[in-house]
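To start, the structure under review is shown below, and the notes come after it.
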Amino acid sequence: MIIGICGKSGSGKTTLAKALSKELVQAQHLEIDKVGHLALGNAEVKKELIRYYGNEILWQNQINRKKLGEIVFQSRLEMKRLTEITWEYMQKEIDEFLAHHQGEPIVFDWLLLPITKYFAMCDMKVLLDIPYEIRKNRAMIRDQISEKDFELREKASISLEKKDFDYVITKNDENDAKRLVKLL
């Protein structure tokens with residue numbers, strides 16, 4: 001069984017995924033954003049990112065995620081380009097995770113899940129459709145970003161259609177995970 005949790009920045013995807021993983025016996029959680037962060041350390045990915053964006057994205061010879069974010073959150077085209085550069089590495093890591101945990105319940109959380117092959121693999125698709133102001137406040141605190149930075153992130157984000165999901169949560173609650181388990 002694979003459960004996919006989607007939502008925009010600050011919606012509580014990872015919090016819900018972790019709670020759900022605890023509720024389901026032997027469930028494995030993969031925060032796909034972290035896979036993307038790991039991709040930035042891959043030598044081939046790093047080389048391609050520097051080739052495209054230049055050395056200004058480096059800090060102490062590592063990809064500076066904040067600087068890269070300032071660039072890619074400016075436009076959907078740049079976000080798409082970043083995804084194209086990192087996707088092969090990410091897909092390999094996700095496929096290895098799936099193979100390693102075959103037969104176990106898996107919880108994915110990622111905003112971009114609906115535009116990947118993994119969305120179709122999900123037995124349950126959950127959307128966190130949390131109000132903008134709540135998400136903004138959470139993300140600004142969590143990521144230590146300005147309101148302007150959050151707005152840029154929001155503009156670069158994909159649209160999520162409620163009709164594509166089995167379950168839509170509009171207000172986070174500590175019992176969401178328990179309710180989802182009952183639906184399985």
Side-chain angles (χ1 to χ4, degrees), residues 1-42 65 69 73 79 82-83 86-145 150 153-154 156-184:
M1 171 183 294
I2 300 175
I3 300 168
I5 300 175
C6 302
K8 293 193 174 193
S9 183
S11 63
K13 295 179 296 293
T14 301
T15 301
L16 178 59
K18 286 178 180 178
L20 189 56
S21 295
K22 286 180 183 175
E23 290 291 322
L24 293 170
V25 178
Q26 304 260 320
Q28 302 297 320
H29 170 220
L30 183 61
E31 186 178 350
I32 300 177
D33 270 342
K34 296 230 175 183
V35 175
H37 299 165
L38 290 173
L40 302 179
N42 175 275
R65 284 184 31 226
F73 291 135
M79 181 62 80
L82 171 65
T83 302
T86 59
W87 183 240
E88 185 177 331
Y89 173 88
M90 291 177 67
Q91 188 168 257
K92 181 180 173 232
E93 292 295 315
I94 297 166
D95 288 343
E96 286 178 10
F97 182 88
L98 286 169
H100 183 74
H101 296 290
Q102 192 170 6
E104 299 174 67
I106 292 174
V107 181
F108 284 147
D109 84 81
W110 194 32
L111 167 63
L112 300 178
L113 192 60
I115 60 172
T116 71
K117 68 180 184 180
Y118 303 104
F119 194 65
M121 294 178 184
C122 293
D123 299 296
M124 177 185 265
K125 300 166 185 162
V126 180
L127 172 62
L128 289 168
D129 187 25
I130 306 304
Y132 177 86
E133 286 298 320
I134 293 171
R135 293 186 302 99
K136 179 179 75 172
N137 291 333
R138 287 178 182 171
M140 287 172 58
I141 292 167
R142 180 193 66 208
D143 300 336
Q144 298 180 348
I145 60 173
F150 179 80
R153 183 182 292 185
E154 188 76 5
S157 181
I158 66 168
S159 295
L160 298 167
E161 299 293 327
K162 289 180 184 179
K163 66 178 179 49
D164 296 331
F165 294 86
D166 302 308
Y167 194 73
V168 178
I169 297 171
T170 58
K171 186 176 178 183
N172 291 117
D173 180 306
E174 65 227 19
N175 294 314
D176 287 334
K178 288 179 176 137
R179 281 193 289 274
L180 288 174
V181 168
K182 287 179 183 177
L183 293 172
L184 298 175

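Every pair passing salt bridge (Lys or Arg N to Asp or Glu O under 4.0 Å) that includes a residue from residues 99-121 is listed here, sequence neighbours excluded: Asp95-Lys117.
In the displayed structure, Glu133 atom CD is contacted under 6.0 Å by more than 12 heavy atoms of other residues, nucleotides or ligands. The 12-atom threshold is not exceeded at CZ of Arg65, counting heavy atoms of other residues, nucleotides or ligands nearer than 6.0 Å.
Separating the CG atom in Leu38 from the OG1 atom in Thr86 is a distance of 11.5 Å, to the nearest 0.5 Å. Separation of atoms CD1 (Ile5) and CG (Leu111) is listed at 13.5 Å; rounding is to 0.5 Å. Atoms NE2 and CD, from His101 and Glu96 in turn, are 11.0 Å apart once rounded to the nearest 0.5 Å. The distance from the CG atom of Leu40 to the CG atom of Asn42 is 9.5 Å, given to the nearest 0.5 Å. To the nearest 0.5 Å, the span separating CD on Gln26 from OG on Ser21 amounts to 12.0 Å. Glu31 CD to Lys34 NZ: the interatomic distance, rounded to the nearest 0.5 Å, is 4.5 Å.
Looking only at side-chain heavy atoms (C-beta outward), Met1 and Ile106 stay at 4.5 Å or farther from each other. Here the side chains of Ile134 and Arg138 are in contact, with some heavy-atom distance below 4.5 Å. Residues Glu93 and Leu30 are not in side-chain contact: their nearest non-hydrogen atoms beyond the backbone lie 4.5 Å or more apart. Looking at Tyr132 and Glu154, their side chains come closer than 4.5 Å, going by heavy atoms from C-beta outward. Residues Leu128 and Tyr167 have side chains not in contact (no heavy-atom distance under 4.5 Å, counting atoms from C-beta outward). Residues Trp110 and Phe119 are not in side-chain contact: their nearest non-hydrogen atoms beyond the backbone lie 4.5 Å or more apart.
Nearest heavy atoms, His29 versus Thr14: CE1-CG2, 3.9 Å. Across Ile145 and Ala139, no two heavy atoms sit closer than the pair CG1-O, 3.8 Å. Residues Leu98 and Met121 come closest through the heavy atom pair CD1-SD, 4.1 Å. Residue Pro105 comes nearest to Leu24 through the heavy atom pair CB-CD1, 4.4 Å, listed as atom of the first residue, atom of the second, then distance. Heavy atoms only, all atoms of each residue included: Thr116 and Leu112 are closest at CG2-O, 3.5 Å.
Of the possible donor and acceptor atoms, none in the side chain of Arg135 sits under 3.5 Å from a partner among the backbone N and O of Gly10. Between the Lys13 side chain and the Lys8 main chain, a donor and an acceptor come within less than 3.5 Å of each other. Listed for the Tyr118 side chain is a donor-acceptor partner under 3.5 Å among the backbone atoms of Gln91.
Partner Cys122 forms a side-chain contact (heavy atoms from CB on, under 4.5 Å) with one of Ile3, Ile2, Val107 and no other, that one being Ile2.
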Practice item. Test Glu88 against Lys92 for salt bridge (Lys or Arg N to Asp or Glu O under 4.0 Å), laying out the working first. Key: CA-CA 6 Å; Glu88 185 177 331; Lys92 181 180 173 232; over 6 Å; no

Review point. Could you walk me through whether Ile94 and Trp87 pass the side chain to side chain contact (heavy atoms under 4.5 Å, CB included) check?
Key: CA-CA 10 Å; Ile94 297 166; Trp87 183 240; 4.3 Å; yes

Practice item. Applying side chain to side chain contact (heavy atoms under 4.5 Å, CB included), run through Ile130 and Lys171 and close with a yes or a no. Key: CA-CA 6 Å; Ile130 306 304; Lys171 186 176 178 183; 5.6 Å; no

Exercise for review: Go through the steps to decide whether Leu20 and Asp176 satisfy the test side chain to side chain contact (heavy atoms under 4.5 Å, CB included), and finish with yes or no.
Suggested key: CA-CA 8 Å; Leu20 189 56; Asp176 287 334; over 6 Å; no

Review point. Given the rule in the side-chain hydrogen bond (donor to acceptor under 3.5 Å, both in side chains) test, do Ser9 and Arg153 qualify, once you have shown the distances and angles that lead to the verdict?
Key: CA-CA 8 Å; Ser9 183; Arg153 183 182 292 185; 3.1 Å; yes

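Taking the centre of each ring, Phe73 and Phe150 stay at or above the 6.0 Å mark.
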Which side-chain N or O atoms in residues 159-166 pair as donor and acceptor under 3.5 Å with protein atoms at least two apart or in another chain?
from   : atom 1 : to     : atom 2 : distance (Å)
Lys162 : NZ     : Asp129 : OD2    : 3.2
Asp166 : OD2    : Lys125 : N      : 2.8

